[in-house]
Amino acid sequence: MTALWSDLNKCIITAHEDGLVRKWDVEAQKEVEQVRVCDRKLQSMQLSKDNTMIVAASKGDHCAKLLDTKSLEVMKTYKSNRPINAAAISPLFNQVRCRIAHSHTSLALFV
């Protein structure tokens, strides 16, 4: 499981082995939203520099998905023919970088 602070530390967003992303209200200590991002385990999840987007990577589904942090809506899907170990949103450029399994290179994809 991966966990990220969001919304000025008012909530935590978590990625799970069942492909779900969940948003938790810290003060109320309860789940407020969930969305199925992938059918298999989410390998990693990273926030954008401005905390408005999340990218979640799945090895089993061979994809990375860009989500809005407020609604958890999937904004874009990046597909690969190989497993994706990790993904990150560039703080400088309009792109997502994906680390492909069994490869020494990363793939730059445009947001």
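- If you chain together ILVMFWY residues whose side-chain heavy atoms come under 4.5 Å of each other, V74 ends up grouped with L4, I13, V21, V35, V37, L42, M45, L47, I54, L67, L72.
- For the side chain to side chain donor-acceptor pair (under 3.5 Å) test, residues two or more places apart in sequence or in another chain that qualify with D50 are S48, T52.
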Report task. Please test N85 against K59 for side chain to side chain contact (heavy atoms under 4.5 Å, CB included), starting from the C-alpha separation and ending with a verdict. Result -> CA-CA 6 Å; N85 285 339; K59 225 175 173 179; 2.9 Å; yes

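- Within the 4.5 Å cutoff, side-chain heavy atoms of M53 are placed close to those of M75.
- Annotation for C63 and C38: closest pair SG-SG, 3.8 Å, computed over non-hydrogen atoms.
- Counting all heavy atoms, side chain and backbone alike, A3 lies closest to T14 at CB-CG2, 3.9 Å.
- How far NZ of K41 is from OG of S58: 10.0 Å, rounded to the nearest 0.5 Å.
- For the atom pair R97 CZ and Y78 OH, the distance stands at 12.5 Å (nearest 0.5 Å).
- Scanning both residues, K49 and P91, for their nearest heavy atoms gives CD-CB, 3.8 Å.
- The side-chain hydrogen bond (donor to acceptor under 3.5 Å, both in side chains) pairs that include a residue from residues 1-10 are D7-K70, where partners are two or more places apart or lie in different chains.
- Expressed to the nearest 0.5 Å, how far CD1 of I12 lies from CD of Q29 amounts to 9.5 Å.
- The heavy-atom pair separating S44 from A86 by the smallest distance is OG-CA, 3.3 Å.
- Each salt bridge (Lys or Arg N to Asp or Glu O under 4.0 Å) pair with one or both residues in residues 16-33, not counting sequence neighbours, appears once here: D18-R22, R22-E31.
- The distance from the CD atom of Q46 to the CG atom of L66 is 12.5 Å, given to the nearest 0.5 Å.
- In the hydrophobic clustering (ILVMFWY side chains linked at under 4.5 Å, chained through shared members), V32 stands by itself.
- Taking the salt bridge (Lys or Arg N to Asp or Glu O under 4.0 Å) definition, one finds that D39 meets it with nothing, sequence neighbours left out.
- Taken to the nearest 0.5 Å, the CG atom of L20 stands 4.5 Å off from the CZ atom of R36.
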